Structures are given as C-alpha cells and as structure tokens.
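Scroll down for the structure; my scribbles are underneath it.
In this text the structure is predicted, and so the values were computed from the model without any measurement. Here is the naming used below: chain letters follow the sequence lines, and residue numbers restart at 1 for every chain.
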2 protein chains.
Amino acid sequence: MRPEGTKAIDGRPWAPDEAADALRAHGCRATRPRVAVLSALLEHGGTISAAELTALAQEIEPGLHEATVYRTVNVLTEVGIASHVHAGHGPSLVRLAGDERLVAVCENCRAIVPVPIGAVSDLVDGMARQTGFALEPGHFALEGVCAECAP
Amino acid sequence: MRPEGTKAIDGRPWAPDEAADALRAHGCRATRPRVAVLSALLEHGGTISAAELTALAQEIEPGLHEATVYRTVNVLTEVGIASHVHAGHGPSLVRLAGDERLVAVCENCRAIVPVPIGAVSDLVDGMARQTGFALEPGHFALEGVCAECAP
DNA sequence: TTCCGTGCAAACAATTTGCAATAGA
DNA sequence: TCTATTGCAAATTGTTTGCACGGAA
C-alpha cells in the first residue's frame with residue numbers, strides 16, 4: 001500500500017478515489033478497468049512492466065484483459081498521467097508522468113535501479129550544445145550490471 | 001565500399017578476406033553464410049539492424065535466411081567480433097565490437113547519431129561510485145529528438 | 001440513447017528453436 | 001568422416017487491432 005502523503009498524479013497526495021477523479025479530470029471515462037489500472041499504478045508507485053501492472057490490476061478487477069491494460073496505458077500516456085520507458089531487451093516499462101527519474105536496468109537480473117536525475121544533466125546539456133540532439137532522459141533506461149550481480 | 005585503411009576488427013585495416021580469416025582466428029567455422037554476414041557488417045561499418053544486415057548479406061549470399069543472421073550475430077558477439085545495442089522501441093542493433101561508441105536514436109525519424117564516449121564517462125564513474133551499478137554504455141542507446149526533427 | 005470502451009481472438013513484429021539435410025575441418 | 005551449421009517452419013514474446021457486445025455519460 002502506498003504510504004499516505006506520497007506524491008502521486010500532478011504532485012498531489014494520493015487518495016483512494018484519486019484514480020477515478022484523475023481520469024475524469026483529464027477527460028477520460030472512469031470505467032472499472034481503467035480505474036483498476038490507474039489504482040494499481042498509483043499503489044505500486046514505481047516503474048513497472050505491462051505484465052506486472054496487469055497482474056496488480058487484476059487483483060482489483062479480476063478478468064481484466066491485458067489488451068485493455070495496453071490501451072489504458074496508452075490513454076494515460078496521451079493525457080499526461082503516465083509515461084513509458086524503453087528498457088533494452090525486456091518489455092517497456094510504465095510509470096506515473098512527472099516521475100521522470102532515469103532508471104538503470106540490470107542486464108542480468110532485470111532489477112530496476114533509480115538514478116538521480118542530476119547524474120545526466122551534464123550529458124543532456126552537452127548533447128544539446130554539441131549536436132543539437134535533445135535527449136529525453138525519462139524515455140530510456142541505462143543498462144549494465146547491478147551491484148548484486150557484479151562478480 | 002569501406003575505404004582502405006579504415007579500422008575494422010581488432011583495429012586492423014579491413015581487407016577482402018578479413019571476414020573468413022577473422023572467423024577462423026576466433027575459432028569459428030568460416031561458412032559462406034557467416035562470411036557473408038561478417039563481410040556485410042565490415043562493409044557497412046556502422047550500427048545496423050538485423051533486418052538491414054540480412055538485406056546486405058543477401059546481396060553477397062542470396063537465399064541466406066534471417067534466422068542464420070541472428071545465429072551468426074550471436075556467435076560473433078560471443079567471440080568478441082560484434083556487439084549489440086538496444087535501441088528503444090525499434091529492433092536491436094548490431095555493430096563491430098571495439099566500436100563502443102554510444103549512440104543516440106531519434107524517437108521521430110529513427111536516425112542513429114554517434115555520441116562521443118567521453119560524454120558519459122562521468123556518468124559511468126558516478127554510478128559505479130554511488131550505487132555500485134556498472135553501466136555498459138555500449139549496450140544501450142540514448143533517446144530523444146535529433147536536430148533535424150526538432151521544431 | 002449513443003458512442004466509448006471492453007473482452008476476445010487474431011494479427012503483428014522481433015527473435016529463438018527443433019529438426020532433418022548439408023557442408024566445413 | 002563427423003560434428004557444426006544451415007534452411008525451414010513453427011514456437012515465443014511483447015504489443016496492437018478488428019469486431020460485436022456492454023456499460024458510462
């Protein structure tokens with residue numbers, strides 16, 4: 001369960017009905033499947049794969065179909081509630097928008113390690129200055145081997 | 001055609017029979033399909049998708065099957081001739097090992113932009129020091145919007 | 001009531017694998 | 001010869017889509 005007071009959508013604290021309210025506030029219908037998906041995402045609070053999100057949402061709404069999760073995630077992304085991260089070989093990951101922390105994924109155990117955003121600000125600035133390329137640090141994951149898996 | 005004198009496998013200049021020789025030198029059988037795949041990779045000289053590599057190799061060895069390209073790339077990777085890069089949504093990319101330049105992929109036009117390796121050395125050091133996570137900068141691509149596609 | 005959204009099944013793309021035939025060393 | 005490697009087809013995985021029904025607004 002997400003601790004009370006933790007920042008969620010748009011930086012507001014999370015409340016039980018936030019999911020339905022947020023959906024309506026962003027101009028989406030608050031259907032049971034969508035509420036389940038968004039609640040699961042709020043409750044998890046981190047960066048998660050579609051499969052894991054499906055499993056969590058199905059605890060709230062049994063019978064919910066994985067295709068619905070993908071469609072819902074796409075809707076949430078379009079209206080700015082969620083965003084997705086590409087993580088190398090593995091499936092892409094979902095999280096709340098605004099939580100634009102960079103993540104690193106272990107190539108061995110698939111662990112997701114958050115990276116302080118400041119760690120890449122020089123890189124982003126340098127790329128913009130030298131090549132005009134506008135990096136989107138929230139859209140990709142770094143890869144390597146985590147401390148646990150290192151020999 | 002790759003210009004004479006350009007660095008290829010192990011930093012040596014590329015020569016017509018290099019593919020077969022390199023395969024044998026690394027303990028692999030130099031079969032026609034493998035020679036075709038490695039020649040295509042040498043000739044291209046850059047970072048390329050499996051589908052593109054298949055097309056190039058089929059110009060040398062018609063009828064070559066895509067599954068063989070995947071298997072060959074895996075072999076080349078195991079023996080240290082090639083390496084692969086994960087590039088966000090798109091398919092993963094192949095290149096010669098030792099060419100560990102970081103690349104950035106445009107989310108809009110899929111252009112592949114090389115990034116000087118020095119651009120991430122601070123990030124790699126910082127991650128190692130602060131979290132023990134050993135980044136592999138050659139294994140993932142940065143993502144963002146290239147100068148051409150920026151508004 | 002009127003569409004939007006859902007479940008389902010099927011399509012899809014990228015990649016891997018089992019198997020019998022083939023070709024290097 | 002004798003095993004590594006190939007082509008082919010089929011399985012896998014992650015994700016998207018067409019369609020007819022059901023439920024929000």
Original post:
Take atom CZ in B/R110; do more than 12 heavy atoms of anything else shown fall under 6.0 Å from it?
Top reply: yes
Subject >> Distance in Å, B/L23 CG paired with B/T31 OG1, rounded so as to fall on 0.5 Å steps >> reply: 7.5 Å
Original post:
Is there a chain of hydrophobic side chains (I, L, V, M, F, W, Y, each step under 4.5 Å between heavy atoms) that links A/L93 to A/L96?
Top reply: no
Original post:
Does B/T31 have a side-chain nitrogen or oxygen under 4.0 Å from the phosphate oxygens OP1 or OP2 of D/dA4?
Top reply: no
Original post:
For the side chain of A/N74, counting heavy atoms from C-beta on, which of D/dG14, D/dT16, D/dG7 is nearest?
Top reply: D/dT16
**OP:** List the atom of A/L38, the atom of A/A22, and the distance in Å for their closest heavy-atom pair.
**Re:** CD2-CB, 4.2 Å
**OP:** Take the protein atom CZ of B/R29 and the nucleotide atom C1' of D/dC2, then report the distance between them rounded to whole Å.
**Re:** 8 Å
**OP:** Please round to the nearest 0.5 Å and tell me the distance separating atom CZ of A/F133 and atom CD of B/E143.
**Re:** 8.5 Å
**OP:** Using the closest heavy atom to pick a nucleotide of DNA chain C for each, name whichever of B/C28 or A/R34 lands nearer the 5' end.
**Re:** A/R34
Original post:
Taking atom CG of A/L41 and atom CD1 of A/I81, what is their separation to the nearest 0.5 Å?
Top reply: 9.5 Å
Subject >> Strand-adjacent residues in residues 53-72 of chain A, judged by heavy atoms under 4.0 Å from DNA chain D >> reply: A/A67, A/Y70, A/R71
Original post:
Are any side-chain N or O atoms of A/H26 and backbone N or O atoms of A/C28, one a donor and one an acceptor, separated by less than 3.5 Å?
Top reply: no
**OP:** Kindly give the heavy-atom pair with the smallest separation between A/I60 and A/A40, and that separation in Å.
**Re:** CD1-N, 4.0 Å
Original post:
Which part of the nucleic acid, if any, lies within reach of A/S49 when heavy atoms closer than 4.0 Å are counted: base, sugar-phosphate only, or nothing?
Top reply: nothing
**OP:** Take the angle between the ring planes of A/H89 and B/H86 and call it parallel below 30°, perpendicular above 60°, tilted in between.
**Re:** tilted
Original post:
Between which nucleotides of DNA chain C, 5' to 3', does chain B make heavy-atom contacts below 4.0 Å?
Top reply: C/dA14 to C/dA25
Original post:
What integer distance in Å separates A/R24:CZ from D/dA24:C1'?
Top reply: 10 Å
Subject >> Interatomic distance, A/L93 CG vs D/dT13 C1' [rounded to whole Å] >> reply: 15 Å
**OP:** Take atom NE2 of A/H84 and atom C1' of D/dG14, then tell me their distance rounded to the nearest Å.
**Re:** 14 Å
